[in-house]
Structures are given as C-alpha cells and as structure tokens.
Amino acid sequence: MLDGLDPATRLDVAKGQLNALKDERLAALQGALRALPPEDRRTAGGAFNTLKTSIQDALEAFGARQGAAAGPAAFDASMPARQSWRGSLHPVTLVIDEICEIFRELGFTIALGPEAETEWYNFGALNFPADHPAMELHDTLYLGDDTLLRTHTSPVQVRTLQRFAPPVRVLAPGQVYRRDFFDATHAPAFMQLEGLAVDEDISFVDLKATLAEFARRFYGSSRRVRFGPSYFPFVEPGAQMDVEVDLGDGKGLRWVEILGCGMVHPNVIEAAGLDSEKYTGWAFGMGPARIAMSRYGVNDIRVLYDSDVRFLEQFAR
Ligand code: PHE
C-alpha cells in the first residue's frame, strides 16, 4: 500500500498507523484496568502510566530517527557522490556481435557445434593426414582416446553439411582450445568465427568479394586489406587475409593476419556425404580476439582475459 509514495509521505503514514495502534491497545488496557479490584488498581495504574510514557517516547525517537534518514535534513551537499558503475559487453563479444550482424546482412545464418569433439570431426573429416603434427598431444587437449576439445571451429563445417542440403551459408562462432602457453599472442582457450558457403558454382571470386566486403563494412573503406597464399589441409587453394593496423605500440602501421580461408577441399565435401562434383564452396576462420586487437589497437592478448575494469569500462556505451 505504501509502495510508490515518496519516503517522507511513507514515514508520515507509518507514524500515523503506529499511533493509531498505540491508542487502540492502550485504550483496551485502560478498559481492563477499570475492571480490576480497587486495591490493585493503584499499582496497575502506575505501571500503565510508565508503559504509556515509554511507548510514546519510543515512538517519538523512532520518528526522529526515520525522519533524519528519509527527510530533507538527510541531504548533505558536502557528501561525496556515490560511485555508480555501468557494465559493458566485452570487446571480443562486441566484435563477434558486429561480425555476425554484417554476415547476417550478407545472407548468413548462425550454426553451432560441440566443444567436445571426436577426432574424426576435428581432423579426419577435414582432410588432416593421419600423422599430421597438429594431432599430436602438444597441440590438442584430449578428453579420451577419441574425444578432444576442438582445436578450431572447422568441424562445424562438416556437421552443418551433414545436416543441411546446400545452398548453405553459415557463420559458426565458438570457443576452441589448444595446448598453448599464455603469452602476448596466444591463449589456451579462445573464440573463433567460422564461415562456410557451399552451393553449386561457388568460386574463389565469391570468397574474395565477400571477405573484402566484410572488411569494408567492419573497418571502413579506407583501411587496406590484402590476400596471400596459405595452407590448411581442409582448403585448396588456401589463403589468408591481412589487414593494415596500428597496434598502438609506437611501431606504426603493419600487416596483421586476421583470418585463414580457402576453397573447401573436395575430400571435406565428400566426408560430409555430398557430391564434390556438384558442390563447391569456401570457408574462413577468424579469431575475434585478434580482430578486437586490430580494431582497438591492443598489442597483448592477455589484456582481453584480465578482466581489468579500467580496460573494460572503456567499452561501456
Ligand atoms: N581452422 C583454421 C584455424 O584454426 C582456420 C580456417 C578456417 C582456415 C577455414 C581456412 C578455412 O586456423
């Protein structure tokens, strides 16, 4: 009933209610006094008066205390203001959201896959030769003989192609794990964003045009990007995209690799159960942490994991 009233009014109402209660109870006691035998009435009357005074005193003290806390007298202009904190999304989350939005506009939907993967999805189906060094223990965190923490989001390519018939255009964000030490450029767990487009007659031109358009929308058209050759077992040909950035370390502009990409290898299309004569496609994988670093001029990846409020609060909007 008192909700929605200002504190001072609420206090007045409360005081009124307490007084009414006091009067009612004291009147009842007084009635009982009258019913006592005359010889008891005097002592009882004295006790009644003491009680009445102390209740009145207590009520007055209560009113004064509450009034001091709630009333205008509580305002002290010399008190320092209370600090208020506004939370913010983590820069890596901001970057992922923004990239997903750009690719959504380009016709992509989101796909997710498990972080605990089988060796087949993580390596075998992706055309890694059986003795590939990346499969050795120093790179991969194994959970069992055949299960591991995925080392990249590329297994989502295979899972998506198994579930959905082309045309397929998906973006797969997710956490990946590697047996790496933390240093300025490596973290043992980090986010990746996988992209996959598979259909009839998809060519390298689609890949380059789409990624260049992404870079224009993300970095602005004045930022330079370049493509160069690269190698991943699951693409052929393989490439990488670099962006020219200033990481704020006084060394000026330099080229930073922000993603690996390429035409999906026919063996991957076949492993997913599709006809590689009929379907072609391209894929890319990027690290949002690296992209956040290239966007915000951060040169040590550990800053993104420290949870230092002085860094994070710069992203509050
Ligand atoms: N999976 C690769 C990595 O982890 C990135 C990549 C994805 C490269 C798709 C090409 C195509 O580095």
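Remember, it's 1-based here, ligands and their atoms both numbered in the order they're listed. Source: prediction; values computed, not measured.
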Quiz prompt | Atom indices of ligand 1 within 4.0 angstrom of Cys261 heavy atoms, with elements | solution = 8 (C), 10 (C), 11 (C)
Quiz item: Does any donor atom in the side chain of Tyr296 or Gln314 lie under 3.5 Å from an acceptor atom in the other side chain?
Solution: no
Quiz item: Any idea which part of Phe234 is under 4.0 Å from ligand 1, heavy-atom wise: side chain, backbone, both or neither?
Solution: side chain
Quiz item: Any side-chain heavy atom of Met263 sitting closer than 4.5 Å to one from Val235?
Solution: no
Quiz item: Tell me, do Leu193 and Thr153 make a side-chain contact under 4.5 Å, heavy atoms counted?
Solution: no
Practice problem: Using a 4.5 Å cut-off on heavy atoms from C-beta on, say whether the side chain of Ile291 contacts that of Ile99. | Solution: yes
Quiz prompt | Salt-bridge contact Arg178-Asp180 (side-chain N to carboxylate O under 4.0 Å) | solution = no
Quiz prompt | Ligand-residue contact atoms, ligand 1 with Gln157, heavy atoms, under 4.0 Å | solution = 9 (C)
Practice problem: May I ask you to check whether Glu194 has an N/O atom sitting below 3.5 Å from an N/O atom of ligand 1? | Solution: no
Quiz item: Which heavy atom of the protein is the closest neighbour of atom 7 (C) of ligand 1, given with residue, atom name and distance?
Solution: Gly285 N, 3.2 Å
Quiz prompt | Aromatic Tyr121 / basic Arg150 pairing, under 6.0 angstrom, 45° off normal | solution = no
Quiz item: Is there a nitrogen or oxygen of Gln192 sitting under 3.5 Å from a nitrogen or oxygen of ligand 1?
Solution: yes
Quiz item: Within the structure, does His152 bring an N/O atom to less than 3.5 angstrom of an N/O atom in ligand 1?
Solution: yes
Quiz prompt | Nearest non-hydrogen protein atom, atom 12 (O) of ligand 1 | solution = Phe232 CE2, 3.7 Å
Practice problem: Decide whether Asn122 and Thr151 meet the rule of one side-chain donor and one side-chain acceptor closer than 3.5 Å. | Solution: yes
Quiz item: Would you find a donor on one side and an acceptor on the other, under 3.5 Å apart, between the side chain of Glu270 and the backbone of Ser276?
Solution: yes
Quiz item: Which ligand 1 atoms does Gly260 reach within 4.0 Å, using its non-hydrogen atoms?
Solution: 6 (C), 8 (C), 10 (C), 11 (C)
Practice problem: Check each heavy atom of His265 against ligand 1 and say whether those closer than 4.0 Å belong to the side chain, the backbone, both or neither. | Solution: neither
Practice problem: May I ask you to list the atoms of ligand 1 that are less than 4.0 angstrom from any heavy atom of Ser154? | Solution: 1 (N), 7 (C)
